[in-house]
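Just so you know, residue 1 is the first one in the sequence shown, and it goes up from there.
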Amino acid sequence: MTICALATAPGGALGIIRISGPRTLEILSHIFSKDLKAAAPNTIHYGHIVEYDAVLQHQVPLDEVLVSVFRAPHSYTGEDAAEISCHGSRYILNKVLELLVKNGCRMANPGEYTQRAFLNGKMDLSQAEAVADLIASSNKATHQIAISQLRGHFSSELSRLREQLLKLTSLLELELDFSDHEDLEFADRSELLDIANKINNQITALAHSFETGKTLKEGFPVAIVGRTNVGKSTLLNKLLRDDRAIVSPVHGTTRDTIEDTIDINGVTFRFIDTAGIRQTTDEVEQIGINRTYTAIGKARIVLWIVDAEPTTEYIQEMLERCKDKSLIIIRNKIDIQAMSDTFSISNSRLKDFPTVEISAKQGTNIEKLEQAIFASANISELSEQCIIVTSARQYHSLVSAHNNLSRVLSGLESGLSGDIVSEDLRLVLDDLADITGQGRILTSEVLENIFTHFCVGK
Ligand SMILES: Nc1nc2c(ncn2[C@@H]2O[C@H](COP(=O)(O)OP(=O)(O)OP(=O)(O)O)[C@@H](O)[C@H]2O)c(=O)[nH]1
Ligand SMILES: [Mg+2]
């Protein structure tokens, strides 16, 4: 079936309509001023989209366009395909789509072009998912991950793992083949264990990268916490360069959490301003403070703001709450008060945390703070080759591979017979194959799940 869709967002100066399928050029020829049926691959044709006017009884031009022609298999989908660059008028674009449908096209489903590209072997499933990530990428980090996956770095890593698994399988088979010959030694199981362990480590590392991938997509959560009136909301506004939260000298101004994102060095951080921590009998304020604790729980990085030396009990409480977080201590309001220099020294428990002195109000040292936040996120420079798993589907396959491989490992350790271990090994291979979709029969449900998240036209 030949499909068509608008590939660009409405409202621009130009609009691009994509067509793909065996009848592309024939259908186009009905509505274009030139016959394109014999058009050469990778050529661009200038002309008019025309429609028949029943009153005038002849064809009238609808728009002046450029048509790019691609021939199978050298197109995005692997089929005959074309792109019409029209003027961006909603009327024109709808009309062209209407004409295409009238002449035999069907409107494409979300992601249908990419789905066809996958089915025609132009890319594997992990690359197809990277296409959606690339379109959705909003910062340097997520762009880098998507482009790396699209270029097949993840796929090659998976095929390396597959090779090692096949090696393991053949060593096990060797063991089986010779097990009847009592005078021959079995394949050395410690060597097999060694290989299996290495594969398992690589799979685990890939599965772990999902957490980072998710965080990079959604933004690193950074909670801004401290006592009332220390300048948390002022700092949030400064970081966002926007008057987002109410600032006032009244203690307990912020009741609810307020959050928004900014990019630092191409990575998105999500800042969460919270209610100030203090003893209170106000019921609503207490709910707000409980939310502050929840925000700390969810954060990766905590900015703890102080405008005076904190008490021992307060330090104890905060360190307890921020146990597994990256903690940055911020001394605010340096414009009005030089805090006692002994503050970080006298409290030896705070000595090892990065400390930044700022004036949130005047914007002093905000950039220094941003760099401290970036450093705390501990994102090693994302290289061009970096592999970070961003799809939940891929993550689940990796977890399943890890579980099956764990059974292989314990089977090898406990001296289980080779054919039983091989069974589990086969499951690991299947799990990895699920990620790329290669050599697997995928149900239409699986495919639909992947491609419905795409936009129409991609
Ligand atoms: N001089 C000076 N004043 C500041 C600075 N930062 C904040 N303030 C003032 O301190 C007061 C409290 O600021 P907020 O940002 O509302 O403090 P908060 O921590 O959000 O307070 P709560 O929401 O009540 O917990 C306001 O009057 C701010 O103008 C600073 O760096 N220097
Ligand atoms: Mg506030």
Side-chain angles (χ1 to χ4, degrees), residues 126 129-151 153-154 157 201-225 232 235-236 239-240 244 257-274 291-304 321-330 353-354 356 369-402 435 450 453:
S126 80
E129 282 173 315
V131 172
D133 280 350
L134 188 66
I135 294 172
S137 68
S138 56
N139 60 42
K140 193 174 160 193
T142 45
H143 168 260
Q144 187 76 71
I145 296 167
I147 199 91
S148 156
Q149 189 161 331
L150 185 60
R151 293 180 61 201
H153 291 145
F154 185 30
E157 175 75 10
N201 289 343
Q202 288 172 56
I203 291 179
T204 313
L206 284 173
H208 277 159
S209 74
F210 179 58
E211 191 59 37
T212 310
K214 226 171 83 174
T215 313
L216 285 172
K217 260 186 180 176
E218 292 165 2
F220 264 76
V222 185
I224 307 175
V225 303
K232 299 181 294 299
L235 175 62
L236 177 82
L239 286 165
L240 300 178
R244 187 79 170 69
T257 51
I258 301 171
E259 53 182 88
D260 217 331
T261 59
I262 58 159
D263 286 2
I264 302 173
N265 303 346
V267 174
T268 304
F269 288 84
R270 193 156 41 83
F271 289 96
I272 305 135
D273 179 24
T274 61
R291 289 191 177 192
T292 302
Y293 297 145
T294 310
I296 294 177
K298 288 187 181 159
R300 295 267 287 244
I301 300 170
V302 176
L303 306 183
W304 178 19
R321 288 193 189 279
C322 301
K323 240 187 343 233
D324 50 352
K325 313 288 170 194
S326 294
L327 182 63
I328 298 177
I329 298 164
I330 298 176
F353 296 101
V356 186
L369 173 62
E370 287 178 343
Q371 294 316 318
I373 293 167
F374 185 80
S376 285
N378 204 10
I379 313 162
S380 46
E381 190 58 36
L382 290 165
S383 73
E384 212 185 306
Q385 303 276 331
C386 69
I387 298 169
I388 289 177
V389 174
T390 53
S391 130
R393 189 190 69 84
Q394 297 169 8
Y395 170 69
H396 289 304
S397 296
L398 287 168
V399 170
S400 171
H402 166 74
I435 298 176
I450 295 172
H453 301 300

Legend entry - Sidechain N-carboxylate O distance under 4.0 Å for K140, D263: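 Answer for the salt bridge query: no.
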Rounded to the nearest 0.5 Å, how far apart are [atom1] of [X] and [atom2] of [Y]?
| X | Y | atom1 | atom2 | answer |
| --- | --- | --- | --- | --- |
| H453 | E129 | NE2 | CD | 9.0 Å |
| T390 | K214 | OG1 | NZ | 12.0 Å |
| F269 | T215 | CZ | OG1 | 10.5 Å |
| L239 | D260 | CG | CG | 11.0 Å |
| I264 | I373 | CD1 | CD1 | 5.0 Å |
| F271 | L236 | CZ | CG | 8.5 Å |

Legend entry - Side-chain H-bond candidate by donor/acceptor type, N265 with Q371, under 3.5 Å: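 Yes, because at least one side-chain N or O of N265 sits under 3.5 Å from a partner of the opposite role on Q371.
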Is the side chain of [X] donor-acceptor paired with the backbone N or O of [Y] at a distance under 3.5 Å, no angle test?
| X | Y | result |
| --- | --- | --- |
| S376 | A372 | yes |
| T274 | I224 | yes |
| R270 | A299 | no |
| N139 | T142 | yes |
| Q149 | S126 | yes |

Legend entry - Working for side-chain contact (heavy atoms from CB on, under 4.5 Å), residues I262 and E370: CA-CA 10 Å; I262 58 159; E370 287 178 343; 3.9 Å; yes
Legend entry - Close side-chain approach of T294 to T257, heavy-atom, < 4.5 Å: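 A side-chain contact is absent here, since even the closest heavy-atom pair is not under 4.5 Å.
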Inset, instruction - Could you walk me through whether H143 and L134 pass the side-chain contact (heavy atoms from CB on, under 4.5 Å) test, one step at a time? - result: CA-CA 6 Å; H143 168 260; L134 188 66; 3.6 Å; yes
Return a table of donor-acceptor pairs under 3.5 angstrom between the side chains of residues 206-213 and protein atoms on other chains or two or more places apart.
from : atom 1 : to   : atom 2 : distance (Å)
S209 : OG     : L206 : O      : 2.6
S209 : OG     : V389 : N      : 3.0

Could you tell me which non-hydrogen atom of [X] sits nearest to which non-hydrogen atom of [Y], and how far apart they are?
| X | Y | result |
| --- | --- | --- |
| A295 | A223 | O-CB, 4.0 Å |
| D133 | K217 | OD1-NZ, 3.4 Å |
| H402 | T204 | ND1-OG1, 3.6 Å |
| I203 | L398 | CG2-O, 3.5 Å |
| K232 | V225 | CD-C, 3.5 Å |

Legend entry - Criterion side-chain contact (heavy atoms from CB on, under 4.5 Å) on I435 and F154, from CA distance to verdict: CA-CA 10 Å; I435 298 176; F154 185 30; 3.7 Å; yes
Legend entry - Passing candidate, side chain to side chain contact (heavy atoms under 4.5 Å, CB included) with F374, options I301, V267, L369: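 The residue from I301, V267, L369 that satisfies side chain to side chain contact (heavy atoms under 4.5 Å, CB included) with F374 turns out to be V267.
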